[in-house]
Amino acid sequence: MNSRLQAVRGMNDLLPEAIGDWQRVEAVARGIFADHGYAEIRMPLVERSELFARSIGAATDIVEKEMYAFQDRSGDMLALRPEGTAGCVRAALQHGLLHNQQPRFWYQGPMFRYERPQKGRYRQFQQIGAECFGIPDADIDAELILLTARLWRELGLSGVTLEINTLGTPDDRQVYREQLVAYFGGHRGLLDEDSKRRLEQNPLRILDSKAPEMQALIDEAPRLLDSLGGASRAHFDRLCAILDRAAVSYEINTRLVRGLDYYTHTVFEWVGEHLGAQNALCGGGRYDGLVEQLGGKPLPATGFSIGVERLVDSLRAVGVSAASATPDCFVVSVAAPAGEALVAAEELRDAGLAVICNCDAAGFKSQLRRADRSGARVAVILGEQESATGQVGIKPLRGDGEQQTVARADLVATVKQLSKG
RNA sequence: GUGGGCGUAGCUCAGCUGGUAGAGCUCCGGAUUGUGGUUCCGGUGGUCGUGGGUUCGAGCCCCAUCGCUCACCCCA
């Protein structure tokens, strides 16, 4: 057993008992996107490494340390996608979908990052994402947030809070970055090791440090919100006004910076209270510079992505889970002529029923036990006596009701009546 | 990459200061020679993660290694 092959670290099997919750999430999400006019798009799992270096940022951990990158047989540098936005922009540009259009897309699928796994973080993980192009107004940022809020509502998820912030324009950010470097640089002695490193690489990240000894210093740090340009300020104010009007509660978290280089203006995160340290259920924001960065004409864009494992975990934590699918009936057969059981099952399925057919020569008792454990509402019994007289036994397995023996020709009608009850 | 916790049956776990490996659940069979769920009885199933060391003797002690898990980093 110990020499048996195991799944790759951080890449998990989704077993049948868990699949119902996943299918429910996917079905509800699909319905909501349809109701908002978002079109599904499916991209390859593999892209050129360069795409991610140019979008997410060559100096970010995701690209530097966490990409599954490899050379294919022609020598091209490829990578398993670590997120969906870059590929979606690439696909939209490649197929001319952004020309004089304002498309809204959604997608769903696995992403890959080489990190140490922990609760809510895996090397292969599933995201449901959306991207909207060509709309500069805060209204579309708000629509995305309302859409996710609706998703939580329809799924029955509670215990999530919305945090929002703005990163302004690249110019706003550059000015702010210098302020931060000056501020934290002036208190270099108070910084922990991680923050000293961030001071060089990505000063904004110091803001969301978890180190307790850093909190006081961070509280006193300058806030981007205070030095925002007029247009940026107006964009953020409008977003807040819309959320207020729509009665979506939120917290302004001036420390929320998010990791990817391409964000501008609005950033937001839904945080789940039932998760571990990896508690961001959904992250998103605006990325007005990315389309141009990837070779398109300048075009505003905004989007989000949901970590489906985290969403499913949260749903379980609040006690919302999908009932597992059970068959309508189970066909038991002992000493029946060859094919009788399968043909009976086929007739039942033709009538729209879900049927499990016993397919081995197990004893009567054993087959009936299987029927019971399958969750089926009725057992159809094809035994020696029934076969001899051209009849079938029909036994309700749930609640009241006596077993009855009916003519073979009445099988479907009888079962259908019972199993709908 | 760094740190903590944990590896005993398919699952959840017990196992005394070292003395021949256990329970519950699951599964299979029987009590009921053609009737499930409750009950009772019986059975299948383990190189105690792996390798080495100490010892008359190791699931238990020591070293190493692998795996899982949680946290840091980073992020969905």
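Labels below follow one simple rule: chain letters A, B, ... track the order of the sequence lines, proteins then strands, and each chain is numbered from 1. Bear in mind that the values here come from a model prediction, so they are computed numbers and not experimental data.
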Is the CD atom of A/Q404 crowded by more than 12 outside heavy atoms at less than 6.0 Å?
yes

For residues 160-182 of chain A, which residue pairs pass the salt bridge (charged side-chain N to carboxylate O under 4.0 Å, His left out) check, not counting sequence neighbours?
none

Using atom CD1 of A/I306 as one end and atom P of B/A76 as the other, report the distance to the nearest whole Å.
13 Å

Roughly how many Å apart are B/G45 and B/U39, using the P atom of each and rounding to a whole number?
25 Å

Interatomic distance at P, B/A71 relative to B/G24, whole Å:
35 Å

Quiz question: by atom type and distance under 3.5 Å, do the side chains of A/D141 and A/T302 form a donor-acceptor pair?
yes

Going by salt bridge (Lys or Arg N to Asp or Glu O under 4.0 Å), name the residues that satisfy it together with A/R123, two or more places apart in sequence or in a different chain.
none

Report yes or no: do A/E131 and A/Y287 form a side-chain donor-acceptor pair below 3.5 Å?
yes

Quick check on RNA chain B: between A/Y263 and A/A7, whose nearest nucleotide comes earlier from the 5' end?
A/A7

Could you check whether A/A277 gets within reach of a base, just the sugar-phosphate, or nothing at all, counting any heavy atom under 4.0 Å?
sugar-phosphate

Applying side chain to side chain contact (heavy atoms under 4.5 Å, CB included) between A/V267 and each of A/I164, A/L256, A/V257, report the one that passes.
A/L256

Say we look at B/C70 and B/G52: how far apart would their C1' atoms be, to the nearest angstrom?
30 Å

Residues which pass ring pair (Phe, Tyr, Trp, His ring centres under 6.0 Å) with A/Y250, listed by chain and number, not counting sequence neighbours:
none

Separation of A/R121 atom CZ from B/G1 atom C1', in whole Å?
12 Å

Partners meeting salt bridge (Lys or Arg N to Asp or Glu O under 4.0 Å) with A/R42 (sequence neighbours left out)
A/E40

May I have the distance from A/L275 (atom CG) to B/A71 (atom P), rounded to whole angstrom?
10 Å

Would you give me the side-chain donor-acceptor pairs under 3.5 Å for residues 353-364 of chain A, sequence neighbours excluded?
from: A/N358; atom 1: OD1; to: A/R370; atom 2: NH1; distance (Å): 2.9
from: A/N358; atom 1: ND2; to: A/D360; atom 2: O; distance (Å): 2.9
from: A/N358; atom 1: ND2; to: A/D360; atom 2: OD1; distance (Å): 3.3
from: A/N358; atom 1: ND2; to: A/Q367; atom 2: OE1; distance (Å): 3.2
from: A/D360; atom 1: OD1; to: A/A362; atom 2: N; distance (Å): 3.0
from: A/D360; atom 1: OD1; to: A/R370; atom 2: NH1; distance (Å): 2.9
from: A/D360; atom 1: OD2; to: A/R370; atom 2: NH1; distance (Å): 3.3
from: A/D360; atom 1: OD2; to: A/R370; atom 2: NH2; distance (Å): 3.3

In whole Å, measure the gap between the C1' atoms of B/C40 and B/C48 for me.
32 Å

Provide, to the nearest angstrom, the distance between the CZ atom belonging to A/R198 and the C1' atom belonging to B/C73.
8 Å

Which residues pass the ring pair (Phe, Tyr, Trp, His ring centres under 6.0 Å) test with A/H235, not counting sequence neighbours?
A/H265

Would you kindly give the NZ-to-C1' distance between A/K196 and B/C73, to the nearest whole Å?
17 Å

In whole angstrom, give the distance that lies between atom CD of A/Q124 and atom P of B/A76.
17 Å

Expressed as a whole number of Å, how far does the C1' atom of B/G22 sit from that of B/G59?
12 Å

Consider only side-chain N and O atoms of A/Y68 and A/Q124, and report whether a donor and an acceptor are under 3.5 Å apart.
no

Using heavy-atom distances to pick each residue's nearest nucleotide on RNA chain B, tell me which of A/D194 and A/C282 is more 5'.
A/D194

By side chain to side chain contact (heavy atoms under 4.5 Å, CB included), which residues pair with A/Q391, not counting sequence neighbours?
A/T389, A/T405

Where along residues 109-120 of chain A does a heavy atom fall under 4.0 Å from RNA chain B?
A/R113, A/E115, A/R116, A/Q118, A/K119, A/G120

When the C1' atoms of B/C66 and B/G51 are compared, how many Å lie between them, rounded to an integer?
10 Å

Rounding to an integer number of Å, can you tell me how far A/W22 CH2 sits from B/A76 P?
16 Å

C1'-based separation of B/C61 from B/G1 [nearest Å]
32 Å

Going 5' to 3' through nucleotides 30-39 of chain B and flagging B where a protein heavy-atom sits under 4.0 Å of the base, S where only the sugar-phosphate is that close, and - otherwise, we get ----BBBB--

Expected output check: what is the dot-bracket annotation of RNA chain B, where ( ) and [ ] are pairs inside the strand (brackets for crossing ones), | is paired with another strand, and pairs are Watson-Crick or G-U under 3.5 Å?
(((((((..((((.....[..)))).(((((.......))))).....(((((..]....))))))))))))....

Is there a residue in residues 10-20 of chain A whose heavy atoms reach under 4.0 Å of RNA chain B, and which residues are they?
none

Looking at A/R408, I want to see if its CZ is surrounded by more than 12 non-hydrogen atoms of other residues, nucleotides or ligands under 6.0 Å.
yes

Which pairs pass salt bridge (charged side-chain N to carboxylate O under 4.0 Å, His left out) with one or both residues in residues 388-398 of chain A, sequence neighbours excluded?
A/D372-A/R398

Tell me: CG of A/L151 to P of B/A76, nearest whole Å?
17 Å

When A/Q201 is tested against each of A/R198, A/R205, A/R197 for side chain to side chain contact (heavy atoms under 4.5 Å, CB included), which residue passes?
A/R197

Take atom P in B/U69 and the same atom in B/C28, then report the distance between them in whole Å.
30 Å

